[in-house]
Amino acid sequence: MRFYAVRTDAIQQTHRALQQMEQRRRGSSRPSRALRVAQLYGHLQCRAKGGCEVQLGLRELATSWHLQPRELRADLQDLEAIGWLTYRSGPAGMRIQLAEPAMEGSAPAVPERTGLSAETPRVEAPKPSASGEPDSPDESLIAQFAAVYNRHRPGSWPAYSPRGSALTVRLRRAIAHAGSAEAFWRCLEQALSGMPPFWRRTYPQGRSGAQCAAGLFCVDRHCAGLGVEFWHVFAWAQASGVGVASAANGSGNPGDAALPQAEHDFARANRLLLWDGHLWRGQGVEALKLERSEKRRLAELLEAAGQGIPGAAAEQYAGPAEA
């Protein structure tokens with residue numbers, strides 16, 4: 001059995017990156033935590049063969065490492081905020097895509113005080129091509145995104161002048177979720193024209209075009225850790241009446257109607273139920289109207305994904321009586 005050591009300079013770089021996050025940091029501020037976060041990232045690197053996406057059972061890994069699932073979830077949230085990975089939750093566990101950490105001396109890994117949730121993507125400035133024209137599919141995709149953004153952005157948002165391809169991973173995930181590039185561009189147009197007043201007037205003050213563009217691929221704080229369908233670009237498009245399903249195929253069904261049933265149920269469970277540390281709590285009138293058996297089913301989906309305590313749903317919603 002081989003033991004893989006974590007490099008000392010990797011621990012130092014992790015510690016510095018965590019320190020730069022200021023109030024957006026989710027986990028402990030103790031210096032020793034950098035060792036655990038670096039160990040988790042190294043573990044994921046070993047599992048991500050050939051750059052493949054990693055599927056992770058958060059609860060199983062936490063049990064193996066003798067940690068609480070919330071501790072590993074906080075580590076993942078910090079690693080995403082740093083810009084070293086992206087992830088989404090699902091009924092089968094976490095699906096994680098790694099990004100290469102910036103080397104020391106390159107652009108900072110975390111933008112300064114963006115004010116976004118833990119899903120704020122990193123914005124770097126890689127080297128431009130000598131000709132000034134996009135010289136790769138990634139750069140072409142970013143250039144097209146910049147063109148749509150600048151054409152449809154509200155006047156209060158600054159123009160976006162891409163200097164790299166840091167948004168490429170999220171752009172490709174968004175296009176895959178929308179069903180096609182054309183469907184995503186329509187969602188983007190609607191999101192930019194239909195964003196809430198706070199994001200239109202207050203958020204852009206003092207921020208760059210790159211930071212505002214990155215905000216389209218984030219979620220509100222109460223949706224932290226949820227999937228692509230909760231990103232602002234889709235949530236705002238849906239509020240404008242153009243969801244993923246309608247943008248992709250002309251149907252009138254916005255939102256997560258285009259999701260597979262399992263992911264639809266998981267998104268619904270996250271919207272209607274919240275673990276308060278002791279019990280599952282319903283959120284909103286729709287949750288109050290749920291049958292006890294349906295509450296249990298949805299809560300057990302969340303428990304299977306690492307939320308709450310295993311078995312709590314079965315105990316809380318046992319019996320035929322309505323909650």
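Heads up: numbering here begins at 1 and tracks the sequence.
Heavy-atom minimum distance, L167 versus A213: CD1-CB, 4.3 Å. Nearest heavy atoms, A174 versus F234: O-CZ, 3.4 Å. In terms of heavy-atom proximity, V233 sits nearest to A191 at O-CB, 3.3 Å. Scanning both residues, R36 and L67, for their nearest heavy atoms gives CD-CD1, 3.8 Å. The two residues A318 and R292 have their closest heavy-atom pair at O-NH1, 3.3 Å.
Here the CZ atom belonging to F145 is positioned 5.5 Å from the CG atom belonging to L216, to the nearest 0.5 angstrom. Atoms CG and CG, on L40 and L44 in that order, are 4.5 Å from each other to the nearest 0.5 Å. Distance CG/L61 to OG1/T63: 8.5 Å, rounded to 0.5 Å. C187 contributes atom SG, which lies 12.0 Å from atom CD of E182 (distance to the nearest 0.5 angstrom). The structure places NZ of K295 at 10.0 Å from CG of L272, a figure rounded to the nearest 0.5 Å. Taking CG from L298 and CG from L273, the interatomic distance works out to 6.0 Å, rounded to the nearest 0.5 Å.
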Next item on the list: Quick one: do D75 and L72 satisfy side-chain contact (heavy atoms from CB on, under 4.5 Å)? Show the steps, please.
Entry: CA-CA 5 Å; D75 293 346; L72 284 185; 3.9 Å; yes

Next item on the list: Verify side-chain contact (heavy atoms from CB on, under 4.5 Å) between Y41 and L79, making sure each step is shown before the conclusion.
Entry: CA-CA 8 Å; Y41 193 78; L79 282 168; 4.0 Å; yes

Next item on the list: Test side-chain contact (heavy atoms from CB on, under 4.5 Å) on T14 and D78 and set out the steps.
Entry: CA-CA 10 Å; T14 303; D78 280 351; over 6 Å; no

Check: Can you check side-chain contact (heavy atoms from CB on, under 4.5 Å) on R170 and W231, steps first, answer last?
Finding: CA-CA 10 Å; R170 293 202 165 217; W231 286 356; 3.6 Å; yes

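Note: H232 and F217 fail the aromatic proximity criterion, with ring centroids not under 6.0 Å apart. A ring-centre distance under 6.0 Å is found for W236 and W199.
Follow the hydrophobic side-chain contacts under 4.5 Å out from L274 and you never reach I309; the two are in separate clusters.
At a threshold of 4.0 Å, the pair R297-E294 counts as salt-bridged, since one of the basic side-chain nitrogens sits closer than that to a carboxylate oxygen. Between R59 and E303, none of the side-chain N atoms (NZ, or NE/NH1/NH2) sits under 4.0 Å from a carboxylate O, so this pair counts as no salt bridge. Salt-bridge formation is detected for the pair R296/E300: a Lys NZ or Arg NE/NH1/NH2 atom is positioned less than 4.0 Å from an Asp or Glu carboxylate oxygen. With respect to the salt-bridge test (charged N to carboxylate O, under 4.0 angstrom), the residues R88 and E80 do not qualify.
Heavy-atom neighbours of R201 CZ from other residues, nucleotides or ligands within 6.0 Å: at or below the threshold of 12.
Remark: R281 pairs with D276 by the salt bridge (Lys or Arg N to Asp or Glu O under 4.0 Å) rule, at least two apart or across chains. Partners of H43 according to the ring-ring contact (aromatic ring centres under 6.0 Å, His included) rule, which considers only residues two or more places apart in sequence or in another chain, are W65. In this view, S156 and P154, R200, P204 satisfy the side chain to side chain contact (heavy atoms under 4.5 Å, CB included) rule, not counting sequence neighbours.
Counting only heavy atoms from C-beta outward, the side chains of V148 and E189 approach each other to under 4.5 Å. Between Y160 and C212 the shortest side-chain heavy-atom distance does not fall below 4.5 Å. Proximity of Q283 to R271: side-chain heavy atoms (C-beta onward) are nowhere separated by under 4.5 Å.
Not one N or O on the side chain of Q144 forms a donor-acceptor pair closer than 3.5 Å with the backbone of L141. Side-chain atoms of Q316 come within 3.5 Å of backbone atoms of W280 as a donor-acceptor pair (strictly under, hydrogens ignored). Within the 3.5 Å criterion, the main-chain N or O of W157 finds a donor-acceptor partner in the side chain of R153. Looking at R47, its side chain does come within 3.5 Å of a backbone N or O of Q55 through a donor-acceptor pair. Within the 3.5 Å criterion, the main-chain N or O of P158 finds no donor-acceptor partner in the side chain of R207. Between the side chain of Y149 and the backbone N or O of L192, no donor-acceptor pair lies under 3.5 Å.
In this structure, a donor-acceptor pair under 3.5 Å is present between the side chains of R173 and T86.
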